[in-house]
Q: 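Shown below is the structure under consideration.
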2 protein chains.
Amino acid sequence: MKRRVTLKEVAEQASVSYQTVSKVINQKVRISPEAEQRIWKAVKDLDYTPSYTARSLRSQRSQTIGYTWQPSPPDQANPILDLFLQSMFSSAEQKGYYLLCFPHRNQKKILDAYRLLIDSGRVDAFVLSSVENDDPCIQFLCDQNFPFVAFGRQDGDLHFPYIDVDGGLGIKMAVNHLLSLSHRKIAILAWPLNSRVGDNRIEGYFSAMNSAGIEIHPEWVQRGEGTYKIGYSATMKLLSLRENIRPTGIIAMNDLMAIGAMAAIRHSGLLPGKDIAVTGFDDTPTARYLRPPLTSLRQPIWDIGQNLMDRLIEFLESGTYPLPFEELVAPQLIIRESSTGLPAQGELL
Amino acid sequence: MKRRVTLKEVAEQASVSYQTVSKVINQKVRISPEAEQRIWKAVKDLDYTPSYTARSLRSQRSQTIGYTWQPSPPDQANPILDLFLQSMFSSAEQKGYYLLCFPHRNQKKILDAYRLLIDSGRVDAFVLSSVENDDPCIQFLCDQNFPFVAFGRQDGDLHFPYIDVDGGLGIKMAVNHLLSLSHRKIAILAWPLNSRVGDNRIEGYFSAMNSAGIEIHPEWVQRGEGTYKIGYSATMKLLSLRENIRPTGIIAMNDLMAIGAMAAIRHSGLLPGKDIAVTGFDDTPTARYLRPPLTSLRQPIWDIGQNLMDRLIEFLESGTYPLPFEELVAPQLIIRESSTGLPAQGELL
DNA sequence: ATAGTAAATGCGAACGTTCGCATAAACTGA
DNA sequence: TCAGTTTATGCGAACGTTCGCATTTACTAT
């Protein structure tokens, strides 16, 4: 490991004061062309790289953005957040920022982690994802007036810059899709009460069904954790309803529940897609490889990550957030055989 | 945003010099109990947190580890690396280190990124993954004598600390599994020539087949990128072989190719699992939800990430790597219906 | 020519630590 | 009791920058 090249050495080589070199490098001052020439040459010859540490000690900025996310259980990896990460990187890198990732254990410890990162001056801002109502982190960062952007919104009085996917709209699209295929008895596999994301999404179901003038039978709303198991058992319940209210279409709030639903349908001697239409949410990589391939809602994750990062950096450098301060984007319905019963065009062989 | 609390303020409050406070905090010195008491009280009262930046400027260490990985294409997310990341975080956090992630574009730019991170003093070490032969990053870091550990090995003279999964052993396990099910004509969907990982894995195929005294028909070795499409088309070729050499078992080097293989088998009017046994590699989350569920090789990613990180930090703090310097770990064969034709015990409903 | 302004560069200080050495105080043992 | 040793604390410097102000030099306009 070679020794570090400092400003002073560059200055000596270029026969100017080291402070002048600093100014030239940061383009803080106009200087005679010859001197500038000399300085850049010296920088290049010596292969000088500014010390990040010294720079941020002096300027009190770390050029680093903190990010944490819910680790998904090993057997249930979250490809969406993987993509989200990548998109943020690619955006941050171009502007000369780095991402500092740290793990997310229980809610109590996470606040300490934020505090430490802020107090020790390691990060200039945060990105949050998987925002829920009453998320203490949001409250904390707002209180501290520390810069951040969020992937996900929150009900309530707090105002902060976010981008979120309009889950209600997404579900509405799925319901309308089934309606257009002449389904009338449509059930939903929803999340437990009082989840912000879940509430948004189910609202879309109510609204779409209402618009179509369909009365929702209470049994059609099944709630539970978004697991395969719940999807399976809830669907079994639905299929055991008496014939005149037994659903012919099932909307699941994520792909995993939809997969469970399809298994339940098959085990009941029915064909998912043909006899009962199923849709998921997230369009996980698995969706297209299922039998039948799963109709699902895809979120524009890449754009969201890039946008969030761009806005955050814009704020850090200019002091104001670009508009829109809050934004809701629409997911895209990817139609496959699990809802139509027909192989989709251009899909896998 | 409140102003930063510094050592000097703590010192004043505790009526000692600020350097003494520093020493107490870092446990560099013994001091009278009363003074120590006062100092800790002041630290707590003022809610003092050392400035990370100042600290690392002075001590020339950043307590930060750099990590980069190949961004997987959006439609083909890599849940394995997601898990790998998490395991490293959880290990690093406990020791007070952070992970700085940065994206991985083309090979040329990545070297510049390493250089910048090193020269600007932002990281103390790196973790590499997806190591290939002749990886220029490894060469570079070895040349610079900059600390790093790798997930993956390399053929050649370079010595560096790594952990790798024994892919050859994994494939051997899969082949032996099929042999034990009385398959004799076993084909392999392999990667293009001259991929280190691919070469290791196919070696296991050759070796297992040899040990069983089976002569490998050249057509049984199909090569191509590890995509669904290649898996599909290669399997179509295999199925069109004349009956006496048409394989009854197919080993794929990743799950995606195995999925393509199963689709090809089904489209040929055969049943994967029953008529033709198929195995994959990686045990992606998708594997268990396929029809039939896919037999696959699972890598102990979590342990690997933790181990690598522990060893790296150990090195940073003590100056020597704990043994073993190089380690090969075995994957685990997860047996499901795609190879046996029978529903596995304890699997999904 | 001469004050007045603009442009080019230098200088000292500061950011908040850690580190080694110096010093003062207290304690040992004959 | 006094040199010798240990223990507790303080002090100055350094890490490599950036920043604002001071200074010098050159240039304009009367």
Side-chain angles (χ1 to χ4, degrees), chain A residues 1-40 42-43 46-64 96 116 118-122 124 317, chain B residues 1-40 42-43 46-64 96 116 118-122 124 317:
Chain A
M1 281 213 277
K2 62 187 179 205
R3 214 179 36 74
R4 147 165 299 292
V5 178
T6 71
L7 268 188
K8 297 198 185 186
E9 299 173 48
V10 175
E12 195 174 353
Q13 182 113 142
S15 329
V16 289
S17 76
Y18 69 93
Q19 295 94 333
T20 303
V21 176
S22 164
K23 284 172 189 163
V24 167
I25 286 178
N26 294 296
Q27 304 176 38
K28 289 270 181 189
V29 82
R30 283 208 314 134
I31 204 181
S32 71
E34 313 89 63
E36 175 146 14
Q37 202 78 24
R38 283 204 313 275
I39 291 176
W40 284 117
V43 164
L46 297 175
D47 194 20
Y48 167 75
T49 310
S51 155
Y52 153 76
T53 316
R55 178 174 271 188
S56 56
L57 173 60
R58 178 61 234 224
S59 62
Q60 303 287 46
R61 333 243 287 17
S62 65
Q63 299 271 102
T64 302
L116 184 64
I118 294 174
D119 290 347
S120 66
R122 278 187 90 118
D124 295 337
E317 304 200 328
Chain B
M1 281 213 278
K2 63 187 178 204
R3 214 178 36 73
R4 147 166 300 291
V5 178
T6 71
L7 268 188
K8 297 198 186 190
E9 299 173 47
V10 175
E12 194 173 356
Q13 182 113 138
S15 329
V16 287
S17 76
Y18 68 94
Q19 294 95 334
T20 303
V21 177
S22 164
K23 283 171 190 166
V24 167
I25 286 178
N26 294 296
Q27 305 178 36
K28 291 271 180 186
V29 82
R30 283 207 316 132
I31 203 181
S32 71
E34 312 90 63
E36 174 145 14
Q37 201 79 24
R38 284 204 313 276
I39 290 176
W40 284 116
V43 164
L46 296 175
D47 195 19
Y48 167 75
T49 311
S51 156
Y52 153 75
T53 314
R55 180 173 272 189
S56 55
L57 173 60
R58 179 60 234 223
S59 62
Q60 304 288 43
R61 332 243 289 17
S62 64
Q63 298 271 105
T64 302
L116 184 63
I118 294 174
D119 290 347
S120 66
R122 279 186 89 119
D124 293 338
E317 305 201 327

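Below, read A as the first sequence line, B as the second, and so on, with proteins coming before strands; counting in each chain starts at 1.
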Q: Kindly say if B/Ser17 contacts the phosphate of D/dG10, meaning a side-chain N or O under 4.0 Å from OP1 or OP2.
A: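 Answer is yes, contact under 4.0 Å.
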Q: Could you state the CD-P distance from B/Glu9 to C/dG16, rounded to the nearest angstrom?
A: 9 Å
Q: Assess the side chains of B/Arg55 and A/Ser120: does a donor N or O sit below 3.5 Å from an acceptor N or O?
A: no
Q: Do the non-hydrogen side-chain atoms of B/Val10 and B/Ile25 ever get within less than 4.5 Å of each other?
A: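 Contact flag for B/Val10/B/Ile25 side chains = no.
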Q: Can you figure out which of D/dT9, D/dT18, C/dT17 approaches the side chain of B/Thr6 most closely?
A: C/dT17
Q: Please state how far atom CD1 in B/Ile25 lies from atom C1' in C/dG16, giving the value in whole angstrom units.
A: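 Distance, rounded to whole Å: 12 Å.
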Q: Rounding to a whole Å, what distance do you find between A/Arg61:CZ and C/dG16:P?
A: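 Checked: the CZ to P distance equals 16 Å.
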Q: Nearest whole angstrom, please: distance from the P of D/dC15 to the NZ of A/Lys8.
A: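 After rounding, the gap between these two atoms is 8 Å.
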Q: Is any side-chain nitrogen or oxygen of B/Thr20 closer than 4.0 Å to OP1 or OP2 of D/dT9?
A: no
Q: Can you check whether A/Gln60 has a side-chain N or O nearer than 4.0 Å to OP1 or OP2 of C/dG16?
A: yes
Q: If you apply the rule side chain to side chain contact (heavy atoms under 4.5 Å, CB included), what do you find for A/Tyr48 with A/Val21, and how did you get there?
A: CA-CA 11 Å; A/Tyr48 167 75; A/Val21 176; 5.6 Å; no
Q: Separation of A/Gln27 atom CD from D/dC19 atom C1', in whole Å?
A: 17 Å
Q: Both B/Val16 and B/Leu57 contact DNA chain D. Taking the nearest nucleotide for each, which residue is further toward the 5' end?
A: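 The residue closer to the strand's 5' end, by nearest nucleotide, is B/Val16.
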Q: Do side-chain atoms of A/Asp124 reach the backbone of A/Gln63 as a donor and acceptor pair under 3.5 angstrom?
A: yes
Q: Is B/Arg58 side chain donor-acceptor paired with the C/dT18 base, going by distance under 3.5 Å alone?
A: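 Under the 3.5 Å cut-off, the side chain and the base do form a donor-acceptor pair.
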Q: Using whole Å, report how far NZ of A/Lys23 lies from C1' of D/dT17.
A: 12 Å
Q: Has A/Ser22 got a side-chain N or O lying under 4.0 Å from the OP1 or OP2 atom of D/dT18?
A: yes
Q: Answer with base, sugar-phosphate or nothing: what part of the nucleic acid does A/Tyr48 contact at a heavy-atom distance below 4.0 Å?
A: sugar-phosphate
Q: Short of 4.0 Å, heavy atom to strand atom, which residues of residues 31-39 of chain B count as contacting DNA chain C?
A: none
Q: For B/Thr53 and A/Arg122, test the side chains for any donor-to-acceptor distance below 3.5 angstrom and give the result as yes or no.
A: no
Q: Rounded to the Å, how far apart are B/Asn26 CG and C/dG16 C1'?
A: 13 Å
Q: Does any N or O in the side chain of B/Tyr52 come within less than 3.5 Å of the main-chain N or O of A/Leu116, such that one atom is a donor and the other an acceptor?
A: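 No, the answer is negative, given that no donor and acceptor are paired below the 3.5 Å cut-off.
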Q: Pick the nucleotide of DNA chain D nearest each of B/Gln19 and A/Leu7; which residue has the one closer to the 5' end?
A: B/Gln19
Q: How many whole angstroms separate atom CD of A/Glu12 from atom P of C/dG10?
A: 13 Å
Q: Tell me if a side-chain donor or acceptor on A/Thr20 pairs with a main-chain N or O of A/Val16 at a distance below 3.5 Å.
A: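 Checking the backbone N and O of A/Val16 against the side chain of A/Thr20, no donor-acceptor pair under 3.5 Å is found.
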